[in-house]
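Input: a single structure, listed below in structure tokens.
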Amino acid sequence: MPVATATQVKNKFGEYLRIAESGEPVVITRNGREVARILGKNQAQAFLIDSLVGIAKGDVDYVRDRDKLREERLAKYLLSRSDADGE
């Protein structure tokens, strides 16, 4: 996985965009710490779908268990919102 500083990405954005588009994420650092990643569209979609389902691919029959999974994710979301609001 390529690692680049924020300045490098700023100066050669097109190059790093092509790398991400090819399927390889790019880690962006600032002052030696990871601050962001550039993901291609397919990687970003897969990440979002996995996080919304809350499981790794293949661990569950989504069609059969979708209502249960939805309720679990909704409960976690509502709990995190109430914690953030100080309730």
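Heavy atoms only: backbone and side chains are in, while hydrogens, waters and symmetry mates are out. This is a predicted model, so every value here is computed, not measured. Residue numbers run from 1 in the order of the sequence given.
When all heavy atoms of I28 and T5 are compared, the closest pair comes out as CG2-C, 4.2 Å. The shortest non-hydrogen separation linking L39 to P25 is CD2-CB, 3.5 Å. Looking at every heavy atom in both residues, P2 comes nearest to E24 through CD-OE2, 3.2 Å.
V3 and F13 fall into different hydrophobic clusters, where Ile, Leu, Val, Met, Phe, Trp and Tyr side chains are chained together by heavy-atom contacts under 4.5 Å. V27 and Y16 are not part of a single hydrophobic cluster, where members link through side-chain heavy atoms under 4.5 Å apart.
Put simply, CG on L17 and CD1 on I38 are 7.0 Å apart, with the number rounded to the nearest 0.5 Å. Rounded to the nearest 0.5 Å, atoms CD (E21) and CG (N42) are 10.0 Å apart. Once rounded to the nearest 0.5 Å, the distance linking CE of M1 with CD1 of I19 reads 12.5 Å.
Counted within 6.0 Å of CD on E15, heavy atoms from surrounding residues, nucleotides or ligands total more than 12; the atom is thus considered enclosed.
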